[in-house]
There are 2 protein chains.
Amino acid sequence: MGTTQLDAVPEPKYWHLKTVLSDALDSEFEVGEILPNERELAARFGVARATLRQALEQLELEGRLQRRRGVGTTVAPPRFGVDVGPGEQGWPGAPDDAWQTGESEETTAPAAVAALLGRDADEPVHSVRRTRMTHGQPVATELLYVPHSSVPGLPAMDSTGGTARGRAVLRELHRLELDGQERTVELGSVRADDARQLDRLPGAPVLVVTTRYVSQGVTAAVSVSTYRADTCRLTFGEKVREPVVPAPEGPAPEAAPRRHRAATAGRLSHR
Amino acid sequence: MGTTQLDAVPEPKYWHLKTVLSDALDSEFEVGEILPNERELAARFGVARATLRQALEQLELEGRLQRRRGVGTTVAPPRFGVDVGPGEQGWPGAPDDAWQTGESEETTAPAAVAALLGRDADEPVHSVRRTRMTHGQPVATELLYVPHSSVPGLPAMDSTGGTARGRAVLRELHRLELDGQERTVELGSVRADDARQLDRLPGAPVLVVTTRYVSQGVTAAVSVSTYRADTCRLTFGEKVREPVVPAPEGPAPEAAPRRHRAATAGRLSHR
DNA sequence: GAGTGGTCTAGACCACCTC
DNA sequence: AGGTGGTCTAGACCACTCC
């Protein structure tokens, strides 16, 4: 007695805030437009900044917003669709691939990778770092692990730890016959070293794509690629051509107008 | 002058905490074991609870921990590898698939899905809800959208909005010839309705797999599946058999012992 | 009812970018 | 120097689970 009705599940404030902001983004903002700052938004909605930030975090996770320290919060463009095979049924470094070869060094593979390779954890491998660019932005970094035994023909150039070495490794890899590849995708958080290359803070969500390259029945190489989860949509094309894909937003896309109305000055109404 | 050295980047507390906890998880805890509660952990590390929670959030995102309200925080098992074609080159509802057909109803597809279907946004579609189980746990929910024009042979059973109707839709789908399918994977956050089915709170991170099924040159159906990102590793097998995959943990797996030492009582040392 | 994780507050300071 | 987002604190209350 007293409760007007079944108030049922009191929706968390930040959750409600998120949907309000999401709607405002659709109706009142242009892509690339900069939002009012967090302190102002929090005040306007009558919540603590931490609560507002919880909502913004969600929206950033869904690729709707982009936040940069010292700059501000902007409305993010729809996610890129980046192709992740098996379209290009080739080895890394195929002439047409989207990757840019970087440093290479001789190390020992991390335990998990060694297990995937089916090699001992202490067997030396070539590790080649690569970066993938799209629209002028780095969207992924990769570490490619190639056991010495996979590329026995590689000329000795031990101390040449530069990009030349990386290209040499890729070249040798191409001499092998590729039987197939196997991929897994999972969620991770970017480590400090990758973070800088991807222009994100450590801990930002990434999609980790692990690929096992098989040649003549054995795993010849393993690559671990980390894609920015906020800006990327991984596509696995097969046979079919892609039409205009209007980036589903959030989880299960529900009626999403995303009309671009002219943006003037003081909108984003409260309540 | 004055700084002893390049103190460079003062690592955030929660970031350092995360690595400390991560190491402790490897060395001092068993899978399924329950951690001390948050207030205790925070006190033990001399930080505010919010800071500790930031570290725990990261670890949960990486699939290392599982937190349940009212229960506690437990050490998560390695992620499941769930197959996401194109191994089973078939229509949804193939006799051997891992999905469990649920409710079906007649609706109109959300805008983004309608665009993928290449149909008008107001054309009626059958929407079939399905659930994917693995190891007795629900790992994904799906909404399958089938335009009426794709299954003209479907007998009239308008008001039969149950699972029988869903099965009928799938049955009709099988009569079509499948030319190919096209998938995309992206990060999302689970909506309220899916959340309950996946036993997660709203907003939890999910991997959204959107599949376009093509028959005779046109898109015959579109499915949107949301997988729990904390417990799932999506696998895209091709030709190759899978060995024992020891779940890379975090982004780029670095030397990960994950040895299971006997767990006693009051460890998890500070500093 | 006791104990857990989830939400929220009102403040403070820091790191970074831009002017 | 001033403004932005990022980190951190010390508290409070709530929703949930289990006994």
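Every value quoted in this text rests on a predicted model; they were computed, and no experiment measured them. A note on names: the letters A, B, ... follow the listed sequences, proteins ahead of strands, and every chain is numbered from 1. Scope of the values below: all heavy atoms of this structure, side chains included, with no hydrogens, waters or symmetry mates.
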Within the side chain of [X], is there an N or O that forms a donor-acceptor pair under 3.5 Å with the backbone of [Y]?
{"X": "A/Arg228", "Y": "A/Leu198", "answer": "yes"}
{"X": "B/Ser27", "Y": "B/Asp23", "answer": "yes"}
{"X": "B/Glu33", "Y": "B/Glu30", "answer": "yes"}
{"X": "A/Arg200", "Y": "A/Val206", "answer": "no"}

Just the rounded figure in Å: distance from [atom2] of [N] to [atom1] of [X].
{"X": "A/Arg196", "N": "C/dC16", "atom1": "CZ", "atom2": "P", "value": "10 Å"}
{"X": "A/Arg200", "N": "D/dG5", "atom1": "CZ", "atom2": "C1'", "value": "11 Å"}
{"X": "A/Leu41", "N": "D/dT4", "atom1": "CG", "atom2": "C1'", "value": "12 Å"}
{"X": "B/Leu17", "N": "D/dC8", "atom1": "CG", "atom2": "C1'", "value": "12 Å"}
{"X": "A/Glu38", "N": "D/dG5", "atom1": "CD", "atom2": "C1'", "value": "5 Å"}
{"X": "B/Glu57", "N": "C/dG6", "atom1": "CD", "atom2": "P", "value": "8 Å"}
{"X": "A/His16", "N": "C/dG6", "atom1": "NE2", "atom2": "P", "value": "22 Å"}
{"X": "A/Glu40", "N": "D/dG5", "atom1": "CD", "atom2": "P", "value": "10 Å"}

Short side-chain N/O contact to [N] OP1/OP2 from [X], under 4.0 Å:
{"X": "A/Asn37", "N": "D/dT4", "result": "yes"}
{"X": "A/Thr73", "N": "D/dT4", "result": "no"}
{"X": "A/Tyr14", "N": "C/dT7", "result": "yes"}

Please write out each protein N/O paired with an N/O of nucleotides 17-19 of chain D under 3.5 Å, distance rounded to 0.1 Å.
none

Could B/Asp83 and B/Arg233 be called an ion pair, given the rule that one side-chain N must be under 4.0 Å from one carboxylate O?
no
What do the steps show when you test A/Glu142 against A/Thr211 for side-chain contact (heavy atoms from CB on, under 4.5 Å), and what is the final call?
CA-CA 10 Å; A/Glu142 178 181 87; A/Thr211 310; 5.9 Å; no
Apply side-chain contact (heavy atoms from CB on, under 4.5 Å) to the pair B/Glu62 and B/Ser22, showing each step before the final yes or no.
CA-CA 10 Å; B/Glu62 294 176 12; B/Ser22 183; 5.8 Å; no
Test salt bridge (Lys or Arg N to Asp or Glu O under 4.0 Å) on A/Asp230 and A/Arg64 and set out the steps.
CA-CA 8 Å; A/Asp230 55 343; A/Arg64 306 284 314 271; over 6 Å; no
Polar-atom pairs under 3.5 Å, protein N or O versus N or O of nucleotides 9-13 of chain C: list them with distances, or write none.
residue : atom : partner : partner atom : Å
C/dT9   : OP1  : A/Lys13 : NZ           : 3.0
C/dT9   : OP2  : A/Ala48 : N            : 2.9
C/dT9   : OP2  : A/Thr51 : OG1          : 2.4

Just compare D/dC8, D/dG5, C/dT7 and give me whichever is closest to any side-chain atom of A/Arg67.
D/dG5
At under 4.0 Å between heavy atoms, what does B/Leu201 touch on the DNA or RNA strands: base, sugar-phosphate, or nothing?
sugar-phosphate
Heavy atoms under 4.0 Å, any strand shown: does B/Arg53 hit a base, just sugar-phosphate, or nothing?
base
Nearest heavy-atom neighbours spanning B/Leu21 and B/Ala55:
CD1-CB, 4.3 Å
